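What you see is a predicted model, and the numbers here were worked out from it, not measured in a lab. In what follows, residues are counted from 1 in the order of the sequence shown.
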Amino acid sequence: MAYQIEMMRTAIALAVENVRHGEGGPFAAIVVKAGRIVSRGTNRVTTANDPTAHAEVVAIREACGTLGSYQLEGCEIYTTCEPCPMCLGAIYWSRADRVYFACTQADAAAAGFDDSFIYQEISIPPDQRRIPMIQHQRTEGLAVFEAWEKKEGKVRY
């Protein structure tokens with residue numbers, strides 16, 4: 001337990017520094033493998049003009065580069081807040097073993113970072129979402145998956 005406390009304190013300190021230096025939002029994450037921090041990520045949405053530059057995504061990208069792998073098996077992620085839907089998806093795709101988080105979705109919402117509408121949008125049919133999603137040319141689009149299935153030497157993930 002002392003180990004997890006130390007790692008979470010590292011992530012929290014990183015987030016506080018990010019806020020103090022005006023480098024982005026109040027979120028940070030670290031990726032740990034075998035007791036060693038392999039990456040650190042802070043929220044850079046506004047400084048990088050990138051809506052995907054959430055702390056977890058930044059940390060996952062850096063960890064994958066450091067480890068030379070697109071998966072983070074054997075890794076733990078320590079993040080200052082419960083992951084949003086985008087980060088949650090990235091975490092699942094990364095195959096990290098475990099996630100530790102400090103604050104909850106409700107804590108983030110109270111600070112002005114409410115992502116509950118995204119969770120709600122996921123369960124709504126695509127054409128009824130706030131940003132309508134219209135399926136178009138499915139038959140032609142299936143050619144992409146047919147080409148993938150025929151490809152030799154592909155790396156499945």
Side-chain angles (χ1 to χ4, degrees), residues 1-124 126 129-131 133 144-145 148-149 151-157:
M1 184 63 132
Y3 170 78
Q4 286 89 5
I5 291 170
E6 177 188 341
M7 291 298 127
M8 187 59 75
R9 283 182 177 156
T10 299
I12 292 168
L14 188 61
V16 169
E17 282 304 305
N18 198 52
V19 170
R20 283 188 181 145
H21 288 62
E23 296 175 1
F27 303 96
I30 61 172
V31 177
V32 177
K33 184 168 187 169
R36 182 177 69 89
I37 297 173
V38 295
S39 72
R40 301 167 195 267
T42 57
N43 181 284
R44 299 179 187 162
V45 170
T46 58
T47 57
N49 293 319
D50 180 356
T52 70
H54 288 203
E56 296 91 338
V57 172
V58 171
I60 288 168
R61 288 175 180 161
E62 184 179 309
C64 288
T66 298
L67 297 171
S69 175
Y70 58 90
Q71 295 188 334
L72 298 178
E73 292 171 328
C75 295
E76 299 174 335
I77 298 174
Y78 291 81
T79 181
T80 57
C81 193
E82 183 177 359
C84 76
M86 176 183 69
C87 294
L88 184 62
I91 288 165
Y92 273 99
W93 280 114
S94 79
R95 309 291 198 276
D97 288 1
R98 184 172 290 106
V99 176
Y100 295 94
F101 64 93
C103 299
T104 66
Q105 292 177 40
D107 296 327
F113 298 92
D114 190 357
D115 56 12
S116 62
F117 77 96
I118 300 172
Y119 286 101
Q120 293 166 1
E121 288 283 303
I122 291 170
S123 64
I124 297 172
R129 294 178 181 157
R130 289 183 192 187
I131 300 175
M133 301 191 180
V144 175
F145 293 119
W148 172 253
E149 287 300 316
K151 179 178 173 57
E152 291 186 31
K154 63 185 163 231
V155 177
R156 293 195 180 269
Y157 56 96

Student: Quick one: are Val57 and Cys87 in side-chain contact, heavy atoms under 4.5 Å?
Tutor: yes

Student: What I'd like to find out is whether the side chain of Glu56 reaches to under 4.5 Å of the side chain of Leu88, using heavy atoms alone.
Tutor: no

Student: Do the charged groups of Glu73 and Arg95 touch, with an N to O distance under 4.0 Å?
Tutor: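 Answer for the salt bridge query: no.
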
Student: Quickly, which of Thr79, Thr80, Leu14 forms a side chain to side chain contact (heavy atoms under 4.5 Å, CB included) with Ile30? Name it, please.
Tutor: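 For Ile30, the side chain to side chain contact (heavy atoms under 4.5 Å, CB included) check succeeds only for Leu14.
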
Student: Minimum heavy-atom separation for Arg130 to Glu121, with atom names?
Tutor: N-OE1, 2.8 Å

Student: Could you pull out the closest heavy-atom pair between Pro83 and Val99, with the gap in Å?
Tutor: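 Scanning both residues completely, I find the closest heavy atoms to be CG-CG1, 4.4 Å.
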
Student: Nearest heavy-atom pair of Pro85 and Asp115: which atoms, and what distance?
Tutor: CD-OD2, 3.6 Å

Student: Please find the pair of heavy atoms, one from Ala96 and one from Ile77, that lie closest to each other, and give the distance.
Tutor: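 Reported closest heavy-atom pair: CB-CD1, 3.9 Å.
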
Student: Any chance you could measure Ile124, atom CD1, to Met133, atom CE, to the nearest 0.5 Å?
Tutor: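 Between Ile124 CD1 and Met133 CE, I get 10.5 Å after rounding to 0.5 Å.
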
Student: Nearest heavy-atom pair of Ala63 and Leu72: which atoms, and what distance?
Tutor: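 Minimum heavy-atom separation between Ala63 and Leu72: CB-CD2, 3.9 Å.
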
Student: For Ala59 and Val31, work out which heavy atoms get closest and say how close.
Tutor: O-CG2, 3.9 Å

Student: Around atom OH of Tyr92, are there more than 12 heavy atoms from other residues, nucleotides or ligands closer than 6.0 Å?
Tutor: no

Student: Determine, step by step, whether Thr47 and His21 satisfy the side-chain contact (heavy atoms from CB on, under 4.5 Å) criterion, reporting the C-alpha distance in whole Å, the side-chain angles of both residues, the deciding distance to 0.1 Å, and the verdict.
Tutor: CA-CA 11 Å; Thr47 57; His21 288 62; over 6 Å; no

Student: Let me confirm one number: the CZ-CZ distance from Phe27 to Arg44, rounded to the nearest 0.5 Å.
Tutor: 15.0 Å

Student: Apply side-chain contact (heavy atoms from CB on, under 4.5 Å) to the pair Thr10 and Arg40, showing each step before the final yes or no.
Tutor: CA-CA 9 Å; Thr10 299; Arg40 301 167 195 267; 3.5 Å; yes

Student: Side-chain donor-acceptor pairs under 3.5 Å in residues 100-109, sequence neighbours left out?
Tutor:
from, atom 1, to, atom 2, distance (Å)
Tyr100, OH, Gln4, NE2, 3.4
Thr104, OG1, Ala106, N, 3.3
Thr104, OG1, Asp107, N, 3.1
Thr104, OG1, Asp107, OD2, 3.2
Gln105, NE2, Glu82, OE2, 3.1
Asp107, OD2, Thr104, N, 2.8

Student: Can you measure from CZ (Arg156) to CH2 (Trp148) and round to the nearest 0.5 angstrom?
Tutor: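 CH2 of Trp148 is found 7.0 Å from CZ of Arg156.
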
Student: Could you please spell out the steps behind the side-chain contact (heavy atoms from CB on, under 4.5 Å) verdict for Lys154 and Glu149?
Tutor: CA-CA 9 Å; Lys154 63 185 163 231; Glu149 287 300 316; 4.3 Å; yes

Student: So with a 6.0 Å cut-off around CZ of Arg9, is the heavy-atom count from everything else above 12?
Tutor: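 12 or below, so no.
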
Student: Is there a side-chain contact between Pro26 and Phe113 in this structure, where contact means two heavy atoms from C-beta onward sitting under 4.5 Å apart?
Tutor: yes

Student: Is the number of heavy atoms from other residues, nucleotides or ligands under 6.0 Å of Tyr3 OH greater than 12?
Tutor: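 Yes, OH of Tyr3 has more than 12 neighbouring heavy atoms, counting only those of other groups under 6.0 Å.
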
Student: Kindly indicate, with the supporting measurements, whether the criterion side-chain contact (heavy atoms from CB on, under 4.5 Å) is fulfilled by Trp93 and Tyr157.
Tutor: CA-CA 8 Å; Trp93 280 114; Tyr157 56 96; 4.3 Å; yes

Student: Let me know which of Leu67, Ile60, Val32 forms a side chain to side chain contact (heavy atoms under 4.5 Å, CB included) with Cys75.
Tutor: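 Testing Cys75 for a side chain to side chain contact (heavy atoms under 4.5 Å, CB included) against Leu67, Ile60, Val32 leaves exactly one candidate, Leu67.
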
Student: Drop me the distance from Ser39's OG to Lys33's NZ, to the nearest 0.5 angstrom.
Tutor: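 Rounded to the nearest 0.5 Å, the OG-NZ separation comes to 12.0 Å.
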
